[in-house]
Number of protein chains: 2
Amino acid sequence: MLAQALQTRLVAGEWPCGSAMPSEQTLADEHQVALGTMRRALQLLEERGLVDRVHGKGTFVRQGLAGATMLRFFRFGQTAGEVPLSSIVSCKTTAASAEVATSLQLPPRADVIRLQRLRLFDGEPCLFEEIWLPAHRFSQLLKREIGEWHNLLYPFYAEVCGVHVMRAVDQISFAALTAQQARQLKLPAGHPCAVVRRVASDLQGNPVEYRVSRGDAYAFTYSATIT
Amino acid sequence: MLAQALQTRLVAGEWPCGSAMPSEQTLADEHQVALGTMRRALQLLEERGLVDRVHGKGTFVRQGLAGATMLRFFRFGQTAGEVPLSSIVSCKTTAASAEVATSLQLPPRADVIRLQRLRLFDGEPCLFEEIWLPAHRFSQLLKREIGEWHNLLYPFYAEVCGVHVMRAVDQISFAALTAQQARQLKLPAGHPCAVVRRVASDLQGNPVEYRVSRGDAYAFTYSATIT
DNA sequence: AAGTGGTCTAGACCACTCT
DNA sequence: GAGTGGTCTAGACCACTTG
């Protein structure tokens with residue numbers, strides 16, 4: 001398939017994230033196919049979320065996810081598009097647990113960076129996040145002061161470590177808060193909470209972040225459409 | 001847009017649910033466009049979930065949803081594809097509450113059929129459902145004995161009332177069980193439960209069913225992908 | 001004005017399904 | 001073998017963006 005050949009070139013990094021690809025005609029010539037065929041292949045890449053096509057401008061390699069997407073699961077009263085403040089609770093390098101190693105496709109007890117982060121709305125804690133990152137790809141992160149970190153991590157990963165998050169899979173379940181989690185969220189221990197386990201991946205499909213977010217179950221909301 | 005013109009013919013009921021549409025060439029002639037143009041229009045209709053295209057056979061108007069889809073939100077130990085048994089708890093005609101009338105786009109206090117249904121796995125109750133249907137479209141339902149009802153309601157709606165459910169929007173939240181709900185599910189009152197509010201619509205986009213399903217929050221699971 | 005993607009044409013050939 | 005959708009070609013013209 002032509003689209004697959006194009007995707008291989010793209011994933012190999014031939015065109016940097018955010019840059020414009022060659023025009024349809026140029027690519028068609030390079031692959032020695034008709035223009036219409038190349039158009040169809042590029043449309044497939046757009047459907048797969050790998051590129052953005054803009055009429056009159058060109059075809060661009062996607063930049064990556066913005067990162068404010070966790071709040072689509074909760075209603076805390078924030079207005080649309082508003083990003084809650086973040087507070088890094090802890091940040092240290094450690095050995096991956098079995099759960100973390102499996103999720104990140106790392107060998108057992110591999111080095112990972114472990115973050116704990118609290119997200120605040122109106123000064124009140126609303127989300128408690130634990131985040132694990134493969135140490136070998138994120139070492140640059142530790143050279144930055146905590147105060148320099150952005151509220152949105154994904155663009156920060158791209159800027160500091162060159163890691164572009166292109167895709168995330170969220171697994172939602174439900175549990176009771178432990179005493180430690182409850183303390184962070186200023187809720188009683190045992191309070192019901194929604195748990196979102198996320199594995200984020202880069203363009204090559206390699207997992208680059210494992211994140212577990214917890215928030216008040218009664219603030220949870222989500223909509224899904226079946227067709 | 002050509003696809004819109006085709007969709008209008010389809011929604012008007014020109015080709016019955018499940019039947020084959022005319023071939024690409026025939027449709028292209030009817031609309032006086034080139035074959036390739038009609039192909040793309042049909043591909044759009046397939047992306048919108050209105051038709052199924054089968055290589056070598058033809059293009060078919062979609063039958064509607066099967067209906068076993070509520071269990072994609074829960075893990076009760078059932079094996080894949082297995083449909084849990086249903087037990088109708090009550091069935092009566094009543095006046096729509098504000099919530100129900102709004103969801104079904106009916107005038108206030110319009111006549112609706114109200115069902116209560118328990119879904120069972122291994123003899124144990126796992127889901128409690130309340131279902132409201134517009135009385136004017138589902139009057140045939142009341143002429144059937146409860147024992148004749150199928151476990152899957154959507155194909156039953158189609159068979160008995162000619163109503164084909166093509167699309168459903170699920171709104172998920174969490175709450176505590178009321179005493180009555182808890183009794184049905186054999187759980188303690190106040191136990192956390194996942195609530196799925198569903199509005200199901202037909203081909204024309206008219207809402208035809210409003211359903212609220214409740215199950216043990218600790219059995220809840222769902223996966224979503226962000227791109 | 002030049003370059004881009006979006007739509008459309010009028011064919012050709014291939015792969016699949018059914019009788 | 002007849003009929004279907006799937007892929008591809010080699011153009012034409014239009015709409016949008018930028019210098």
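Here is how names work: the chains are called A, B, and so on, in the same order as the sequence lines, proteins then strands, and each is numbered from 1. All heavy atoms count here, side chains included; hydrogens, waters and symmetry mates do not.
In this entry the distance linking CD of B:Gln43 with P of D:dG5 reads 11 Å, nearest Å. As rounded to whole Å, 10 Å separates atom C1' of C:dT4 from atom CZ of A:Arg53. Between the CG atom of B:Leu42 and the P atom of D:dG6 there is a distance of 9 Å, given to the nearest Å. Rounding to whole angstrom units, CG of residue B:Asp52 and P of D:dT4 are separated by 18 Å. Separating the CE atom of A:Met38 from the C1' atom of D:dG11 is a distance of 17 Å, rounded to the nearest angstrom.
For the residue pair A:Tyr210/A:Glu130, the side-chain donor-acceptor check at 3.5 Å is not satisfied.
Residues meeting the ring pair (Phe, Tyr, Trp, His ring centres under 6.0 Å) test with B:Phe138, sequence neighbours left out: B:Tyr157. With sequence neighbours excluded, the residues forming a ring pair (Phe, Tyr, Trp, His ring centres under 6.0 Å) with A:Phe76 are A:Phe74, listed by chain and number. For B:Glu24, the side chain to side chain donor-acceptor pair (under 3.5 Å) test picks out B:Arg39, B:Arg53, with sequence neighbours left out. Applying the side chain to side chain donor-acceptor pair (under 3.5 Å) test to A:Gln171 and every residue at least two apart in sequence or in another chain returns B:Thr221. Qualifying side-chain contact (heavy atoms from CB on, under 4.5 Å) partners for B:Ser86, counting only residues two or more places apart in sequence or in other chains: B:Arg117, B:Arg119, B:Asn151. Under the salt bridge (charged side-chain N to carboxylate O under 4.0 Å, His left out) criterion, A:Glu30 pairs with A:Arg9, not counting sequence neighbours. Not counting sequence neighbours, B:Gln105 has no partner by the side chain to side chain donor-acceptor pair (under 3.5 Å) test. Partners of A:Asp29 under the side chain to side chain donor-acceptor pair (under 3.5 Å) rule, at least two apart in sequence or in another chain, are A:Gln25.
Using a 4.0 Å cutoff on non-hydrogen atoms, the parts of residues 23-35 of chain B near DNA chain C are B:Val33, B:Ala34, ordered by number.
Close to D:dG5, at under 4.0 Å from its OP1 or OP2, lies no side-chain N or O of B:Arg39.
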| said: Under the criterion ring-ring contact (aromatic ring centres under 6.0 Å, His included), I'd like the reasoning laid out for B:Phe220 against A:Phe174: C-alpha separation, chi angles, the key distance, then a yes or no. | reply: CA-CA 7 Å; B:Phe220 183 87; A:Phe174 192 81; 7.9 Å; no

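Note on the helix from C:dA1-D:dT18 to C:dC18-D:dG1: terminal axis deviation equals 10°, with five pairs used at each end and the result rounded to 10°.
The side chain to side chain donor-acceptor pair (under 3.5 Å) analysis of residues 131-147 of chain B, with sequence neighbours excluded, yields the pairs B:Arg137-B:Asp202.
A:Arg40 comes within 4.0 angstrom of nothing in the nucleic acid, heavy atoms only.
Remark on DNA chain D: of its neighbouring residues A:Thr37 and B:Val54, the 5'-side contact belongs to B:Val54, judged by nearest-heavy-atom nucleotide.
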For nucleotides 13-16 of chain D, print each protein N/O atom paired with a nucleotide N/O atom at under 3.5 Å, atom names and distance only.
unit_1	atom_1	unit_2	atom_2	d
D:dA15	N3	A:His55	NE2	2.7

